[in-house]
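Below is one structure, written out as structure tokens; the observations come after it.
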Amino acid sequence: MTKVLVATEKPFAAPAVAGIKDIIEKAGFELVLLEKYTEKQQLLSAVADVDAIIIRSDKIDAEVLNAAKNLKIVVRAGAGYDNVDLQAATAHNVVVMNTPGQNANAVAELVLGLLVFTVRNFFNGKAGSELMGKKLGILAFGNVGRNVARIAKGFGMDVYAYDAFCPADVIEAAGVKAVASQEELFKVSDIVSLHIPATPETKQSINKSLVGSMKKGGILINTARKEVINEPELIELLAERTDLKYITDIMPDANDKFAEFEGRYFSTPKKMGAQTAEANTNAGLAAANQIVGFIKDGVTKFQVNK
Ligand code: NAD
């Protein structure tokens with residue numbers, strides 16, 4: 001019988017697990033649960049005879065793939081899939097998918113929530129400012145970026161975007177001003193919100209010259225990945241430009257150094273963007289449905305290692 005493993009160091013919420021179980025069992029498959037595991041060995045043992053795996057931020061590397069002799073598909077319930085070794089998966093003939101869009105609204109709502117918190121001086125009792133009329137630059141107009149644009153327009157913000165792969169007319173059709181480069185986006189915006197994936201091209205790409213080109217009082221908000229930030233350069237810049245603020249949902253490696261910029265830096269204690277009951281359930285159910293679609297009908301939509 002086809003075995004589907006849910007391997008989650010940080011488990012799905014109980015209703016999500018129940019929904020996944022229902023989808024898997026209705027398809028005639030067996031569900032195996034490995035939650036809150038603490039040793040890699042537990043994962044290596046659990047994958048030994050399964051056909052499919054659903055993960056969250058769990059790491060799937062060559063060692064795990066070697067141990068999973070029957071494995072055909074891994075689905076990362078979420079958007080970013082930098083926790084899966086794609087090359088090794090392809091070498092093992094394993095299809096890797098993500099579940100794009102399922103947590104996009106959750107992340108976008110957090111962006112606007114963090115921005116209100118920031119422009120109101122972290123609720124310290126002092127008068128702050130408003131988002132209406134401010135220029136918001138969205139770097140990458142994917143699922144999260146589009147949702148940020150939708151909500152920001154509701155706040156009355158003036159929204160700009162740049163995406164290396166999304167055509168300008170698609171951006172403009174959403175009522176957002178498309179700019180020609182990320183350099184231009186940083187120059188024009190009062191606030192820049194990052195929604196690029198962590199790739200070889202984007203890692204460390206948010207550097208001193210880019211952020212340093214922002215207007216006085218600029219705010220950089222990152223709900224993407226810490227790896228896209230050049231941390232030493234951003235620290236140097238924040239020390240020089242005492243008007244700039246950095247807000248992030250992914251605690252930097254150099255958190256202690258950033259924390260010295262009191263009143264100009266905030267990090268959520270743990271990545272919270274996708275941590276809603278709705279996103280959790282949506283992504284888990286989508287992952288289960290994608291596994292059934294792939295094993296029963298060979299559907300490879302959302303495959304990321306083509
Ligand atoms: P997505 O795949 O829908 O969109 C990514 C967009 O980035 C695409 O439109 C793509 O064209 C664009 N892009 C890729 N490389 C680029 C580059 N070099 N320059 C400009 N644009 C580029 O992904 P998404 O769902 O919008 O999520 C975006 C990122 O946010 C994810 O990759 C993930 O790292 C992060 N994320 C974080 C959380 C969280 O909990 N904070 C949750 C979900 C996603």
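As the structure lists them, so they are numbered: ligands from 1, and atoms in each ligand from 1. Computation of the quantities below employed the complete heavy-atom set of this structure, encompassing side-chain atoms and omitting hydrogens, waters and symmetry-equivalent molecules. Source: prediction; values computed, not measured.
Less than 4.0 angstrom separates some heavy atom of G273 from each of these atoms of ligand 1: 39 (C), 40 (O), 41 (N). Atoms of ligand 1 lying under 4.0 Å from any heavy atom of V107, numbered from 1 in the order shown and given with element: 38 (C), 42 (C), 43 (C). Atoms of ligand 1 found under 4.0 Å from any heavy atom of F141, numbered from 1 in the order shown, are 9 (O). Contact atoms of ligand 1 toward A140: 6 (C), 7 (O), 12 (C), 21 (N) (distance under 4.0 Å to a heavy atom of the residue).
Under 4.0 Å from ligand 1, the heavy atoms of A79 that appear belong solely to its side chain. Residue contacts with ligand 1, taken as heavy atom pairs separated by less than 4.0 Å, involve T202 solely via side-chain atoms from C-beta onward. The proximity of N103 to ligand 1, defined as any non-hydrogen pair under 4.0 Å, is limited to the side chain. Of all the heavy atoms of D249, the ones lying under 4.0 Å from any atom of ligand 1 belong exclusively to the side chain.
Judged by distance alone, with hydrogens and angles left aside, the side-chain atoms of R56 form a donor-acceptor pair with the main-chain N or O of P11 at under 3.5 Å. Formation of a donor-acceptor pair under 3.5 Å by the D190 side chain with backbone atoms of K135 is found in this model. Formation of a donor-acceptor pair under 3.5 Å by the K296 side chain with backbone atoms of A27 is found in this model. Between the side chain of T202 and the main chain of P197, a donor-acceptor pair closer than 3.5 Å is present. For N98 (side chain) and A79 (main-chain N/O), a donor-acceptor pair under 3.5 Å exists by modelled atom type. In this structure, N121 contributes its side chain and A127 its backbone to a donor-acceptor pair below 3.5 Å.
For the pair F258 and M251, the minimum side-chain heavy-atom distance is 4.5 Å or more.
Heavy-atom distances between E201 and ligand 1 stay at or above 4.0 Å for every pair. Ligand 1 is approached by A224 to a heavy-atom distance shorter than 4.0 Å. Residue contacts with ligand 1: P100 is excluded, as none of its non-hydrogen atoms falls under 4.0 Å. Under a 4.0 Å heavy-atom criterion, I196 is in contact with ligand 1.
Between the side chains of Q42 and T38, at least one donor-acceptor pair of N or O atoms lies under 3.5 Å.
At a 3.5 angstrom cut-off on N or O pairs, Y162 does not count as close to ligand 1. The shortest N or O to N or O distance between M272 and ligand 1 is not under 3.5 Å. Between T223 and ligand 1, at least one N/O pair is under 3.5 Å apart.
At the top of the distance list for atom 21 (N) of ligand 1, counting protein heavy atoms only, stands A164 N, 3.3 Å. Remark: minimum distance from atom 3 (O) of ligand 1 to any protein heavy atom is reached at N143 ND2, 2.7 Å.
There is a protein heavy atom closer than 4.0 angstrom to atom 26 (O) of ligand 1.
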*asked:* The test is ring pair (Phe, Tyr, Trp, His ring centres under 6.0 Å); show your working for F261 and Y246 and say whether it passes.
replied: CA-CA 9 Å; F261 302 113; Y246 179 52; 10.0 Å; no

*For the pair T276 and N105, evaluate side-chain contact (heavy atoms from CB on, under 4.5 Å) and give the outcome as yes or no after the intermediate values.*
CA-CA 10 Å; T276 66; N105 181 65; over 6 Å; no

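Between D58 and E9 the shortest heavy-atom distance is OD2-N, 2.7 Å.
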